[in-house]
2 protein chains.
Amino acid sequence: MTVMDTARADVLYCQNEVKPNPRPDGEDRYTISEVAAVSGLSAHTLRWYERIGLMPHVDRSQTGQRRFSNRDLDWLRLVAKLRLTGMPVADMVRYAELVREGESTVAERKELLLATRENVLGRIAELQGTLAVLDHKIDIYTTAKA
Amino acid sequence: MTVMDTARADVLYCQNEVKPNPRPDGEDRYTISEVAAVSGLSAHTLRWYERIGLMPHVDRSQTGQRRFSNRDLDWLRLVAKLRLTGMPVADMVRYAELVREGESTVAERKELLLATRENVLGRIAELQGTLAVLDHKIDIYTTAKA
DNA sequence: CCCTTGCTTGGAGTGCGCTCCAAGTCCGTA
DNA sequence: TACGGACTTGGAGCGCACTCCAAGCAAGGG
């Protein structure tokens, strides 16, 4: 999936005002298809994320089906944001590992987020440069037509 | 190549002040390795771009070797900028076709660039949203440590 | 009891954008 | 004339991020 595609794949996670989770804590045992609907990720992708270690351990029903919690939804929201920056999945897996390791990794996690932040700032600058080129070209086409 | 990688791959094409072409018009018959050095793209990639129709017809020496012109360099600069926006290669090939078809396609080309422009604006907004999330997280880690 | 629906798994397949390989040609220098 | 280095081609291979498949299990309705 290119970054360009990502832009339209998201149902919930791209809006700047974040919707609250569909159910209150205590009743948050979502099936995989509910999470798929709410997150815009496919059930396939959700299972794959778990397989590669990008999800914290997801709870299961008595029959072995996944039951996602509000915490899981919050985590997916963060993951979606990080994906949007172009961060490779492997790096996000690393971040997930740090979270699982607990409090001792807080400094390293912060470093990782700071590096990502720099990256995002850089890309915004790049895109603004591209915008200038685009506007220049568009201007040429506009005046050429007249 | 992810968008994240793109950021460091470019030698010339990412700077906002564009360097002039290495040689003046009339002496602009660059070999593929010269273009590779100056553009930051590999010779492999340059040949591949030509194969898929992303380059205008490149001139050849008597022995069949490519000789790139200043126009080709300019085109590659534009392509690099468009790649940076996440525009799929297939879309750029379409744009290249329009250019080859001549003046009659100016309106369609302008449409394409306008759509790309909207896309870029959208992505900048996304990234700024992500920045806010990142700053929030970083802030949490900072105050938690203190 | 069967049918449908939704879930489970490991592993295979897909699309994109390169990236590299093998085998051969051409050219400048010694 | 021999050698090294840069170039040519078609086609195969790779890494990433999914995306799908086959086979099977569990629960609910007619």
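Proteins come first, then strands; the chains are lettered A, B, ... in the order of their sequence lines, and each starts at number 1. Not measured: the values here are computed from a predicted model.
- Put simply, CG on B:Leu41 is 13 Å from C1' on C:dT19, counting in whole angstrom units.
- Tracing side-chain contacts under 4.5 Å through hydrophobic residues (I, L, V, M, F, W, Y), one never reaches B:Val133 starting from B:Ile140; they form parts of separate clusters.
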Query raised in the report: So B:Phe68 and B:Arg29, side-chain contact (heavy atoms from CB on, under 4.5 Å) or not? Walk me through it.
Result: CA-CA 5 Å; B:Phe68 293 80; B:Arg29 292 179 61 73; over 6 Å; no
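- A close approach under 4.0 Å does occur between a side-chain nitrogen or oxygen of B:Arg66 and OP1 or OP2 of D:dT8.
- Residue A:Arg67 is classed as having no contact, given no heavy-atom separation below 4.0 Å to the nucleic acid.
- A sub-4.0 Å separation between OP1 or OP2 of C:dG17 and a side-chain N or O of B:Thr45 is absent.
- Remark: A:Glu50 engages A:Arg66 in a salt bridge, criterion side-chain N to carboxylate O under 4.0 Å.
- At the heavy-atom level, B:Thr31 lies under 4.0 Å from the strands shown only through sugar-phosphate atoms.
- Residue A:Arg47 has a polar side-chain atom (N or O) positioned under 4.0 Å from OP1 or OP2 of C:dT8.
- Going from atom CD of A:Glu50 over to atom C1' of C:dT9 covers 12 Å, rounded to whole Å.
- Ion pair A:Asp91/A:Arg94 not flagged as a salt bridge, since none of the NZ, NE, NH1 or NH2 atoms sits closer than 4.0 Å to an Asp/Glu carboxylate oxygen.
- To the nearest angstrom, P of D:dC20 lies 14 Å from CG of A:Leu46.
- A:Ser33 comes within 4.0 angstrom of the backbone, heavy atoms only, and of no base.
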Within the sub-3.5 Å range, which N or O atoms of nucleotides 10-12 of chain C have a protein N or O partner, and how far apart are they?
unit_1 : atom_1 : unit_2  : atom_2 : d
C:dG11 : N7     : A:Arg51 : NH1    : 3.0
C:dG11 : O6     : A:Arg51 : NH2    : 2.8

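- Rounded to an integer number of Å, the gap from B:Ile32 CD1 to C:dT19 C1' is 13 Å.
- Considering only the side chain of A:Arg60, C:dT8 comes nearest among D:dC21, C:dT8, C:dC21.
- If you measure from atom CD of A:Glu34 to atom P of C:dG6, you get 12 Å, rounded to the nearest angstrom.
- In this structure, the CD atom of B:Gln62 is 12 Å from the P atom of C:dG28, given to the nearest Å.
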Filtered N/O pairs between nucleotides 26-29 of chain D and protein, under 3.5 Å:
none

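- Look at CG on A:Asp59: it is 16 Å from C1' on C:dT8, rounded to the nearest Å.
- Formation of a donor-acceptor pair under 3.5 Å by the B:Ser69 side chain with backbone atoms of B:Asp72 is found in this model.
- Taking atom CH2 on B:Trp48 and atom P on C:dG15, their separation rounds to 15 Å, with Å as the unit.
- Between B:Tyr49 and the phosphate of C:dC18, there is a side-chain N or O to OP1/OP2 separation shorter than 4.0 Å.
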Query raised in the report: B:Arg71 and B:Asp74: salt bridge (Lys or Arg N to Asp or Glu O under 4.0 Å), yes or no, with the steps?
Result: CA-CA 5 Å; B:Arg71 282 183 68 88; B:Asp74 293 341; over 6 Å; no
Query raised in the report: Would A:Asn21 and A:Tyr30 count as a side chain to side chain donor-acceptor pair (under 3.5 Å) if you check the C-alpha gap in whole Å, the side-chain angles of each, and the deciding distance to 0.1 Å?
Result: CA-CA 11 Å; A:Asn21 288 327; A:Tyr30 309 96; 5.4 Å; no
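- In this pair, A:Tyr141 and B:Tyr95 present their aromatic rings perpendicular. The plane angle is above 60°, beyond the 30 to 60° band.
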Report task. Determine, step by step, whether B:Arg23 and B:Glu34 satisfy the salt bridge (Lys or Arg N to Asp or Glu O under 4.0 Å) criterion, reporting the C-alpha distance in whole Å, the side-chain angles of both residues, the deciding distance to 0.1 Å, and the verdict. Result -> CA-CA 11 Å; B:Arg23 291 194 227 126; B:Glu34 285 172 324; 2.6 Å; yes
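- Residue B:His44 has its side chain nearest to C:dT19 when only C:dT19, D:dC18, C:dG17 are considered.
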